[in-house]
2 protein chains.
Amino acid sequence: MNRRQMLKVGGAALVGAAANTAEAAHPRSALSSHVEQWNVFEQTLSGPRSGNPFLEVWTRAVFRREHREIWVDGFYDGDGIYKIRFMPDEPGTWSFETDSNAAELKGRRGAFECIPAHAGNHGPVGVRDTFHFGHADGTPYFPFGTTCYAWIHQTEELQRQTIESLRGGPFNKIRMCIFPKWYQYNHGVPPRFPFPRNGEINDYTQFNPDFFRHVETCIQQLRDINVEADLILFHPYDHWGYQEMPPEVDDRYLKYVIARFAAYRNVWWSLANEFDLMRKKTNADWDRYARIVTESDPYAHLRSIHYSRAPYDYSRVWCTHAGVQDYAFDKAAEWRTEWRKPVIFDECMYEGNINSRWGNLSGEEMTRRFWLCTVAGVYGGHGETYVRGDEIENDKAILWWSHGGTLKGSSPSRIGFLRRLLEQIGAQGGGRIGLEAIEPVYYLSARRSANEAMLWYFDFHQPSYYDFSLPEDGRFKAEWIDPWDMTRKPIDGVFTGKTRIKLPGKPYQAIVFHKV
Amino acid sequence: MNRRQMLKVGGAALVGAAANTAEAAHPRSALSSHVEQWNVFEQTLSGPRSGNPFLEVWTRAVFRREHREIWVDGFYDGDGIYKIRFMPDEPGTWSFETDSNAAELKGRRGAFECIPAHAGNHGPVGVRDTFHFGHADGTPYFPFGTTCYAWIHQTEELQRQTIESLRGGPFNKIRMCIFPKWYQYNHGVPPRFPFPRNGEINDYTQFNPDFFRHVETCIQQLRDINVEADLILFHPYDHWGYQEMPPEVDDRYLKYVIARFAAYRNVWWSLANEFDLMRKKTNADWDRYARIVTESDPYAHLRSIHYSRAPYDYSRVWCTHAGVQDYAFDKAAEWRTEWRKPVIFDECMYEGNINSRWGNLSGEEMTRRFWLCTVAGVYGGHGETYVRGDEIENDKAILWWSHGGTLKGSSPSRIGFLRRLLEQIGAQGGGRIGLEAIEPVYYLSARRSANEAMLWYFDFHQPSYYDFSLPEDGRFKAEWIDPWDMTRKPIDGVFTGKTRIKLPGKPYQAIVFHKV
């Protein structure tokens with residue numbers, strides 16, 4: 001962590017380098033200046049560097065404000081440095097006190113002032129109104145995610161490009177792996193490994209702090225451009241052994257990751273990508289991981305898991321939402337009802353042109369799938385897999401889906417258009433946020449609670465008109481939406497009850513009604 | 001029937017106008033000149049005109065050739081004229097003898113010479129190779145049907161237009177109702193009724209021969225341009241009582257229709273359109289109709305039934321094929337296997353722009369559905385429902401789906417392109433005709449028996465290449481097919497086993513392999 005990053009995470013006073021065991025016996029107070037609400041407070045401590053601190057030293061702290069106390073685990077960052085991170089969720093003075101099995105790290109006390117969040121900081125995302133999402137400050141959040149599995153394991157230049165592509169773009173969530181990836185188009189050596197390696201052997205008794213510091217940098221960069229980091233904790237696209245570590249290493253890894261990353265407000269936990277392809281793991285393993293994540297993360301970041309074959313049982317309590325790999329859009333509304341939680345079709349194939357069936361949708365079809373999700377009251381997920389003719393199966397090829405870089409497809413701008421529309425009609429006015437599917441009569445449609453807004457999507461139908469049955473007790477203005485041309489054209493009049501609207505006679509159009 | 005038509009149906013000697021009861025007591029022979037194989041031999045007889053011949057007089061005949069005898073019912077054509085029709089299925093001399101409860105119509109004998117079919121006459125269509133169709137002369141027949149429910153009840157000019165639109169066009173089958181139609185866009189008074197009407201009351205004790213003569217003219221016109229007439233015997237779009245006639249009238253109507261039409265080689269029987277919407281009819285009624293059709297039609301024309309809601313049980317023995325109204329293309333191959341007979345997705349929505357959900361597919365989607373059928377080893381069905389803005393819900397509007405007229409859509413030419421392709425790859429070389437779905441690995445595909453040809457359809461996928469697993473024991477040439485641009489481009493090389501083919505990187509493309 002460099003000086004600039006230090007300042008960002010709250011400027012906690014650096015205690016430590018000079019500390020010794022004698023000092024630790026006399027707890028000191030350290031009042032840092034200002035940490036913004038939902039930013040990271042970080043307390044750095046000096047401690048033992050002999051032996052194997054990763055295995056032998058534990059440290060944790062309790063943060064207190066008024067009647068509340070919140071326990072967090074600290075972690076060893078190498079070179080005798082220990083860190084404790086905390087995300088305060090309300091303004092005011094917070095105090096803390098450390099505990100440890102090492103005398104230097106025990107009974108250290110401090111306090112800091114949490115100041116209200118600045119305008120662009122809405123806090124972490126949680127479930128809202130059962131089927132949707134919102135930030136901690138009440139701002140609705142509609143996930144329009146993309147996928148760059150291994151972007152953090154690429155060159156610095158490529159990572160910079162990825163952040164620039166995401167900045168101000170249509171996507172407000174990214175699915176990304178912590179471990180490096182080994183897969184088609186992905187056979188490079190990553191610049192960093194999570195564990196020290198002796199030749200082909202991982203030293204699972206230690207972590208490589210540099211690896212995890214780098215992940216943090218990436219999470220922060222995403223946070224600073226308002227992109228949620230949907231962190232994939234395990235995955236099967238492995239070459240180095242990370243998919244079949246001993247259970248105690250899995251557990252230690254999860255706790256280390258949570259101790260380091262949980263204080264970043266934009267973190268989501270995905271236990272795995274295609275968990276069912278990790279043949280060495282049992283249901284009991286996944287249950288244990290879920291338990292560790294729920295117990296160790298004091299902020300209750302969003303939690304899910306992603307499958308390849310048969311759907312996971314997303315009714316499980318530990319899941320905050322379903323993150324499905326599926327294309328059964330006609331089931332989406334039913335699944336939502338069944339699981340009683342938000343559903344994201346995180347992976348419903350990707351726009352692209354590679355050989356693999358999941359990676360060669362046209363931009364039109366990718367766009368359509370986001371619309372199908374929207375009118376089902378659920379959310380879509382994007383990915384992009386374009387290669388040039390001379391890059392076929394070439395590990396030098398840069399595919400957004402894994403490496404990041406730049407977006408080449410035609411769907412992202414259309415997804416951004418839909419996102420802006422949903423942010424408007426899914427949240428304006430009162431009542432519950434988000435859309436819910438209307439039982440299909442003829443065409444797919446969804447509505448806001450209290451009929452604040454209603455959205456029809458005509459898919460491959462091109463009727464010359466449609467007789468909408470609007471609620472008799474409301475008056476509505478209408479707009480014709482062209483999802484591909486990204487146009488919104490007001491329709492003259494104010495409507496109620498049975499309403500005939502002329503339509504443009506071409507497929508993939510939409511009509512939205514706004515309550516007056 | 002005019003003189004020209006008479007000649008067409010075989011030039012059977014006209015006995016009758018001068019006949020009297022005395023003559024009938026002394027059976028006469030009448031050797032007509034030449035009736036072409038699978039054309040109509042017609043014997044006209046004079047008989048009673050007093051009382052109600054429709055109810056009181058029956059006549060039938062047995063046709064004999066070598067060891068065979070075939071019984072057919074005659075029918076009363078009004079004005080004291082009775083007719084017996086017969087479709088000979090093999091060349092040579094056929095003799096016949098009539099029977100009746102009227103003396104004048106009894107024991108009349110005759111014979112005619114059946115000459116071999118001319119080049120364009122392939123005989124009636126039947127099931128071939130379990131899942132497909134072929135003409136009686138062995139020529140494969142791949143159904144590419146359209147729908148003009150009520151074309152025969154329109155103006156003469158419109159009927160002429162319909163025939164001109166079909167002539168040389170992509171469609172080789174038409175679904176058409178015998179009874180006139182009352183429905184949206186269809187509220188006109190038909191020029192003829194099947195039964196005499198006294199005000200609003202049908203006289204079910206008689207038929208209107210002029211009505212049925214007109215239907216025959218239409219069937220013949222279709223036959224002359226090689227279009228199969230898929231006759232819908234009952235339907236629920238009714239205003240005049242035909243959907244709820246007394247059972248004995250239903251039965252008499254069926255027998256009359258079969259006596260008149262069965263000798264036309266291009267006739268298919270569809271017991272009903274949307275049979276399950278005819279609420280007055282019971283399963284026992286449908287069973288009885290099926291029994292009448294199978295028993296009364298000596299030629300075993302193709303037989304099916306069309307539903308609205310839940311699929312009919314097409315495994316029933318009387319059904320020669322399934323004619324489904326459905327869009328479950330992913331079920332098509334399974335259904336075919338389950339029912340062990342050909343499956344036609346006769347109604348899978350229509351290209352058009354009307355308000356009704358089933359009538360506003362884009363031309364692209366209509367085309368796509370024919371391709372989805374083809375690679376499932378089943379067949380699609382077309383219809384077209386375009387209205388102009390000023391015709392919305394106007395009974396003057398001319399919609400191909402019901403009235404016929406001219407085709408306006410963009411799918412027919414593409415359907416014709418697919419038909420020509422299938423006629424080539426589904427029949428060239430030896431072995432069983434038609435395609436069967438290959439168990440999907442990545443993309444939808446189908447093959448000819450003995451891998452004479454293999455067809456891949458990539459639907460909304462746009463891979464830049466695909467690794468085909470061709471049989472190791474064959475050598476194949478390949479073509480890239482663009483179903484929309486209607487182009488076929490040979491791909492250089494001869495392929496076997498695992499074969500990588502570069503693809504154009506756009507959706508809705510196809511690749512076909514031909515065995516060398």
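Labels below follow one simple rule: chain letters A, B, ... track the order of the sequence lines, proteins then strands, and each chain is numbered from 1. Side-chain atoms are counted along with the backbone in the values below, which use heavy atoms only and exclude waters and symmetry mates. Source: prediction; values computed, not measured.
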| note | chain B shares the most heavy-atom pairs under 4.5 Å, among Y466(A), F458(A), W358(A), Y443(A), with Y443(A)

| field | Greatest number of heavy atom pairs closer than 4.5 Å to chain B - which of R357(A), M349(A), E364(A) | value | R357(A)

| query | Is atom NZ of K331(A) surrounded by more than 12 heavy atoms (other residues, nucleotides or ligands) closer than 6.0 Å? | reply | no

| said: Between R500(B) and chain A, with a heavy-atom cut-off of 4.5 Å, which part of the residue counts as in contact: side chain, backbone, both or neither? | reply: side chain

| field | Interface residue of largest heavy-atom contact number with chain A, from G352(B), P507(B), G505(B), under 4.5 Å | value | G352(B)

| message | For the interface with chain B, which of V387(A), N355(A), L503(A), N353(A) has the highest count of heavy-atom pairs at distances below 4.5 Å? | response | N355(A)

| query | Around K477(B), counting heavy atoms of other residues, nucleotides and ligands shown, do more than 12 lie under 6.0 Å from its NZ? | reply | no

| task | Pick one of side chain, backbone, both or neither for Y386(B), based on which atoms fall under 4.5 Å of a heavy atom in chain A. | result | side chain

| message | Heavy-atom pairs under 4.5 Å with chain A - which of S362(B), G359(B), S356(B) has more of them than the others? | response | S362(B)

| Side chain, backbone, both or neither of I354(B) within contact of chain A (heavy atoms, under 4.5 Å) | backbone

| Geometric cation-pi criterion R369(B) and F460(A), 6.0 Å radius, 45° cone | yes

| field | Residue T385(B) versus chain A: region with a heavy atom under 4.5 Å | value | neither

| request: Heavy-atom pairs under 4.5 Å with chain B are the metric here; pick the option from E351(A), R388(A), E365(A) that has the most. | output: E365(A)

| task | Name the region of D459(B), side chain, backbone, both or neither, that has any atom closer than 4.5 Å to a heavy atom of chain A. | result | neither

| request: Examine whether an atom of Q462(B) lies under 4.5 Å from a heavy atom of chain A, and if so say whether it belongs to the side chain, the backbone or both; otherwise answer neither. | output: both

| Side chains of N360(A) and Y442(B): do they bring a donor and an acceptor to under 3.5 Å? | no

